[in-house]
Amino acid sequence: MDLEAFLTRHPTIVARELIGWTVTLDGVGGRIVETEAYHHEDPASHSFSGRTARNAAMFGPVGRAYVYRSYGIHWCLNLVCGEGPGDAVLLRALEPTAGVTLMRERRGLDEARALCSGPGKLCQALAVTRAHDGLAMDHAPFALAPGANAGVAVGPRIGISRGADLPWRFGEAGSRFLSRPFPKAR
DNA sequence: ATGACGATGCACT
DNA sequence: GTGCATCGTCATG
């Protein structure tokens with residue numbers, strides 16, 4: 001399956017199967033260990049109320065980056081996917097594997113486990129900004145490569161009010177690089 | 001023109 | 001666990 005086919009599926013499927021893939025920007029990045037799915041019919045999605053200047057990238061081709069500013073401070077990076085316009089996967093945490101020294105400088109931290117353990121942290125470590133909004137994530141300066149995972153945990157998404165009941169957050173089971181642990185299964 | 005509110009992170013208790 | 005910084009985006013007047 002090529003990348004376009006991989007991405008042209010429901011964002012929950014893509015978000016789950018993306019765990020273990022590697023993403024880099026200018027050679028800095030790591031294994032994707034945490035994602036969240038956003039669907040255009042989901043009230044929590046930025047695309048729910050239609051296309052605007054901010055979310056335009058979500059309505060473009062799959063494989064592009066959708067970058068937005070959160071809380072006026074942080075950047076967050078999504079990979080556009082889905083069977084139709086308006087779907088994306090939020091990249092929430094990476095296991096740093098490449099350019100770790102540069103990440104430490106950008107983050108002002110030593111501990112690898114805290115370098116990319118959150119959507120805003122990840123963007124600071126990789127130096128993602130609005131300038132990357134709309135860029136293809138399988139071409140330079142981005143790169144995207146498949147990879148395996150050690151099992152996927154599922155739970156509710158973080159920091160949203162609407163659609164909070166949907167189990168659309170995915171993470172590598174047992175990873176030490178998550179933004180937060182997953183609620184214990186029951 | 002103005003106001004409300006975040007798909008957060010960090011310091012502090 | 002709680003509080004707050006900080007500002008772009010969108011809805012409303």
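Numbered from 1 within each chain, the chains take letters A, B, ... in sequence-line order. Please read these numbers as outputs of a predicted model, since none were measured by experiment.
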- Task: Examine the base of B:dA7 for any acceptor or donor lying under 3.5 Å from a partner atom in the side chain of A:Tyr68, and report the outcome as yes or no.
- Result: yes
Could you state the atom-to-atom distance from [atom1] of [X] to [atom2] of [N] in whole Å?
X	N	atom1	atom2	result
A:Glu111	B:dC10	CD	P	11 Å
A:Arg92	B:dG9	CZ	C1'	11 Å
A:Leu166	B:dA7	CG	P	15 Å
A:Asn55	C:dT9	CG	C1'	10 Å
A:His74	B:dC5	NE2	C1'	15 Å
A:Leu122	B:dC10	CG	P	12 Å
A:Tyr71	C:dC7	OH	C1'	13 Å
A:Arg180	C:dG1	CZ	C1'	11 Å

- Nucleotide forming a Watson-Crick or wobble pair with B:dA7, both distances under 3.5 Å: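 Partner of B:dA7: none.
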- Using Watson-Crick or G-U wobble geometry with both distances below 3.5 Å, tell me the partner of C:dT6, or none.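 Pairing partner, where one exists within any strand: none, as none qualifies.
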- Message: So if I apply the ring-ring contact (aromatic ring centres under 6.0 Å, His included) rule between A:His46 and each of A:Phe59, A:Tyr68, A:Tyr38, which one comes out positive?
- Response: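 One option only clears the test, and that one is A:Tyr68.
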Residue [X], side-chain atoms from C-beta onward, closest of [options]:
X	options	value
A:Arg54	C:dC10, B:dA7, B:dG9	C:dC10
A:Ile73	B:dA7, B:dT8, C:dT6	C:dT6
A:Thr52	C:dA5, B:dA7, C:dC10	C:dC10

- Going by the angle between their ring planes, with limits at 30° and 60°, are A:Phe142 and A:His132 parallel, tilted or perpendicular?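 Ring orientation, 0 to 90° scale: perpendicular.
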- Message: Under a 3.5 Å threshold, yes or no: a donor from one side chain and an acceptor from the other, between A:Arg31 and A:Thr97?
- Response: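 Not at all, the side chains of A:Arg31 and A:Thr97 share no donor-acceptor pair under 3.5 Å.
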- Give a yes-or-no answer on whether the side chains of A:Glu83 and A:Thr8 include a donor-acceptor pair shorter than 3.5 Å.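 Result is no, nothing qualifies.
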- May I ask you to test the A:Met103-A:Gln124 pair for a side-chain heavy-atom distance under 4.5 Å? no
- Message: Under 4.0 Å, counting only non-hydrogen atoms across every strand here, what does A:Ile160 touch: a base, just sugar-phosphate, or nothing?
- Response: sugar-phosphate
- Counting any heavy atom closer than 4.0 Å, what does A:Arg157 reach on the DNA or RNA strands: base, sugar-phosphate only, or nothing?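 Answer is nothing: A:Arg157 stays at 4.0 Å or more from every strand.
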- Between A:Gly159 and A:Lys121, which is nearer to the 5' end of DNA chain B once each is assigned its nearest nucleotide?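 The residue closer to the strand's 5' end, by nearest nucleotide, is A:Gly159.
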- Message: Nearest heavy atom decides the nucleotide; on that basis, is A:Arg162 or A:Ala114 closer to the 5' end of DNA chain B?
- Response: A:Arg162
- Message: Counting only side-chain nitrogens and oxygens, does A:Arg130 get under 4.0 Å of the OP1 or OP2 atom of C:dT9?
- Response: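 Yes.
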- Considering just the side-chain nitrogens and oxygens of A:Arg107, establish if one lies under 4.0 Å of OP1 or OP2 belonging to B:dC10.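 Yes, because at least one side-chain N or O of A:Arg107 sits under 4.0 Å from OP1 or OP2 of B:dC10.
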